[in-house]
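Down below is the structure, laid out as C-alpha cells.
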Amino acid sequence: MNIAIVYSSMSGNTEEVASLVETTHRHRGDQVSRFEADRIGPREASALASFDLVYFGSYTWADGVLPDEMKDTFRLILKELNVPIRQAAVFGTGDKMFVHFCRAVDEMAYHLSRYGVPLAGELLKIEQSPRNQPFNVRHWAERMAHHVEEGVHHYVDSKNQTIVAQTS
Ligand SMILES: Cc1cc2nc3c(=O)[nH]c(=O)nc-3n(C[C@H](O)[C@H](O)[C@H](O)COP(=O)(O)O)c2cc1C
C-alpha cells in the first residue's frame, strides 16, 4: 500500500504521532511519504491522488483553530485543485485544558467529508505526546489500513461529528 502523511507540528507532539503512523505502515511493508503541510505546493498536492491512503495530522491552536499552514493546504488540495484523494485518515494532538480539545481534527474531517473524500475510520485525538501510549496510535493506523483494504468508507456527520459508515 502507498501511504502519504501530511502534518503540521509546532512543538513536536503531532510529529511524534506521524512517526508512529509511519513506522506502523513500514512494518506492514507499505511505502510511506511524509510531507510537512507548509511544504505542500501544487505539485505535491496533485500527487496526493496517487496514494491509497492520505493521513492528515495537526495540532489545535488559539482556542480551537486549525493552524494557517494546514488551512492553506486544505484550501489548495480541496478547493483550488479538487485533488481526487482516494481515502483519508485524520489525527491530531491537543490539550484537554482547552475547551475545544483537538478541534482541528474535527475541522479537517469536516472539510474532507464536505468535498467527498472518504475517511478510513474514526478520528484519532491524542492528549499532548503519544509517548506513553504508542500502542493506541499503532492499533489505530493498523485499523485504518485494514479498512482501506476492505473498502470501508466513513464520512463525518457535520451536526454531531459522529462518523457514518457507508458501503463503498
Ligand atoms: C496558544 C495555544 C493555544 C492552544 N489551543 C488549543 C485548543 O484550543 N485546543 C487544544 O486541544 N489544544 C490547544 N493547544 C495545545 C496544543 O494543540 C498541543 O500542545 C499540541 O499537542 C501541540 O502540538 P505540536 O507539539 O505538534 O505542535 C494550544 C496550545 C497553545 C500554545
Side-chain angles (χ1 to χ4, degrees), residues 3-28 30-41 44-45 47-48 51 53-79 83 85 87-115 117 119-145 154-164:
I3 305 293
I5 307 172
V6 179
Y7 69 98
S8 183
S9 180
M10 188 89 101
S11 55
N13 293 337
T14 314
E15 186 166 30
E16 281 180 42
V17 180
S19 297
L20 285 165
V21 169
E22 177 174 358
T23 50
T24 303
H25 278 284
R26 288 203 187 279
H27 280 138
R28 282 173 37 90
D30 298 330
Q31 304 278 333
V32 183
S33 303
R34 254 165 83 153
F35 305 90
E36 286 179 44
D38 56 8
R39 303 253 169 128
I40 298 261
E44 292 78 12
L48 293 176
F51 292 90
L53 173 62
V54 181
Y55 285 90
F56 291 95
S58 177
Y59 61 99
T60 295
W61 195 239
D63 205 14
V65 164
L66 181 66
D68 281 346
E69 64 276 18
M70 213 54 178
K71 262 192 198 139
D72 292 346
T73 299
F74 269 77
R75 192 175 302 121
L76 179 67
I77 293 172
L78 298 175
K79 207 170 174 183
V83 179
I85 292 172
Q87 207 151 349
V90 184
F91 65 87
T93 67
D95 188 335
K96 282 191 177 147
M97 85 179 197
F98 291 92
V99 178
H100 304 294
F101 174 62
C102 281
R103 205 192 140 270
V105 172
D106 298 331
E107 190 173 332
M108 290 188 286
Y110 171 72
H111 290 312
L112 289 162
S113 284
R114 202 159 75 92
Y115 281 87
V117 178
L119 300 172
E122 79 274 17
L123 316 177
L124 181 71
K125 298 179 178 181
I126 299 281
E127 168 87 358
Q128 302 286 17
S129 167
R131 218 165 300 149
N132 297 324
Q133 42 172 333
F135 47 87
N136 277 341
V137 180
R138 283 202 296 266
H139 290 172
W140 176 76
E142 277 161 14
R143 223 164 30 247
M144 296 304 107
H154 295 74
Y155 292 91
V156 165
D157 175 335
S158 67
K159 283 209 176 93
N160 59 13
Q161 297 291 347
T162 52
I163 300 226
V164 183

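Residue numbers start at 1 and run along the sequence shown. Just so it is clear, the model here is predicted, and its values are computed rather than measured. Ligands are counted one by one from 1 in listed order, and the atoms in each one are counted from 1 as well.
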Charged N-O contact under 4.0 Å between Glu44 and Arg39: no
Donor-acceptor contact below 3.5 Å, side chain Thr60 vs main chain Ala104: yes
Check ligand 1 against the protein and report each N/O to N/O distance under 3.5 Å, formatted as atom name, atom name, distance.
from: ligand 1; atom 1: 8 (O); to: Asp63; atom 2: N; distance (Å): 3.4
from: ligand 1; atom 1: 8 (O); to: Gly64; atom 2: N; distance (Å): 2.6
from: ligand 1; atom 1: 9 (N); to: His100; atom 2: O; distance (Å): 3.0
from: ligand 1; atom 1: 11 (O); to: Asp95; atom 2: N; distance (Å): 3.1
from: ligand 1; atom 1: 11 (O); to: Asp95; atom 2: O; distance (Å): 3.4
from: ligand 1; atom 1: 11 (O); to: Cys102; atom 2: N; distance (Å): 2.8
from: ligand 1; atom 1: 12 (N); to: Asp95; atom 2: N; distance (Å): 3.2
from: ligand 1; atom 1: 14 (N); to: Thr60; atom 2: O; distance (Å): 3.3
from: ligand 1; atom 1: 17 (O); to: Thr60; atom 2: N; distance (Å): 3.3
from: ligand 1; atom 1: 17 (O); to: Thr60; atom 2: O; distance (Å): 2.7
from: ligand 1; atom 1: 19 (O); to: Gln128; atom 2: OE1; distance (Å): 2.9
from: ligand 1; atom 1: 21 (O); to: Asn13; atom 2: ND2; distance (Å): 2.9
from: ligand 1; atom 1: 21 (O); to: Thr93; atom 2: OG1; distance (Å): 2.7
from: ligand 1; atom 1: 21 (O); to: Gln128; atom 2: OE1; distance (Å): 3.4
from: ligand 1; atom 1: 23 (O); to: Thr93; atom 2: OG1; distance (Å): 3.2
from: ligand 1; atom 1: 25 (O); to: Ser11; atom 2: N; distance (Å): 3.3
from: ligand 1; atom 1: 25 (O); to: Ser11; atom 2: OG; distance (Å): 2.5
from: ligand 1; atom 1: 25 (O); to: Gly12; atom 2: N; distance (Å): 3.0
from: ligand 1; atom 1: 25 (O); to: Asn13; atom 2: N; distance (Å): 2.7
from: ligand 1; atom 1: 26 (O); to: Ser9; atom 2: OG; distance (Å): 2.6
from: ligand 1; atom 1: 26 (O); to: Asn13; atom 2: N; distance (Å): 3.4
from: ligand 1; atom 1: 26 (O); to: Thr14; atom 2: N; distance (Å): 2.8
from: ligand 1; atom 1: 26 (O); to: Thr14; atom 2: OG1; distance (Å): 2.7
from: ligand 1; atom 1: 27 (O); to: Met10; atom 2: N; distance (Å): 2.6
from: ligand 1; atom 1: 27 (O); to: Ser11; atom 2: N; distance (Å): 2.8
from: ligand 1; atom 1: 27 (O); to: Ser11; atom 2: OG; distance (Å): 3.4

Pairing of Glu142 and Arg28 as salt bridge, 4.0 angstrom limit: no
Salt bridge present between Glu107 and Arg103 (N-O < 4.0 angstrom): yes
For Ile77, the option from Leu48, Asp72, Val54, Leu112 that meets side chain to side chain contact (heavy atoms under 4.5 Å, CB included): Leu48
Pairing of Arg34 and Glu15 as salt bridge, 4.0 angstrom limit: yes
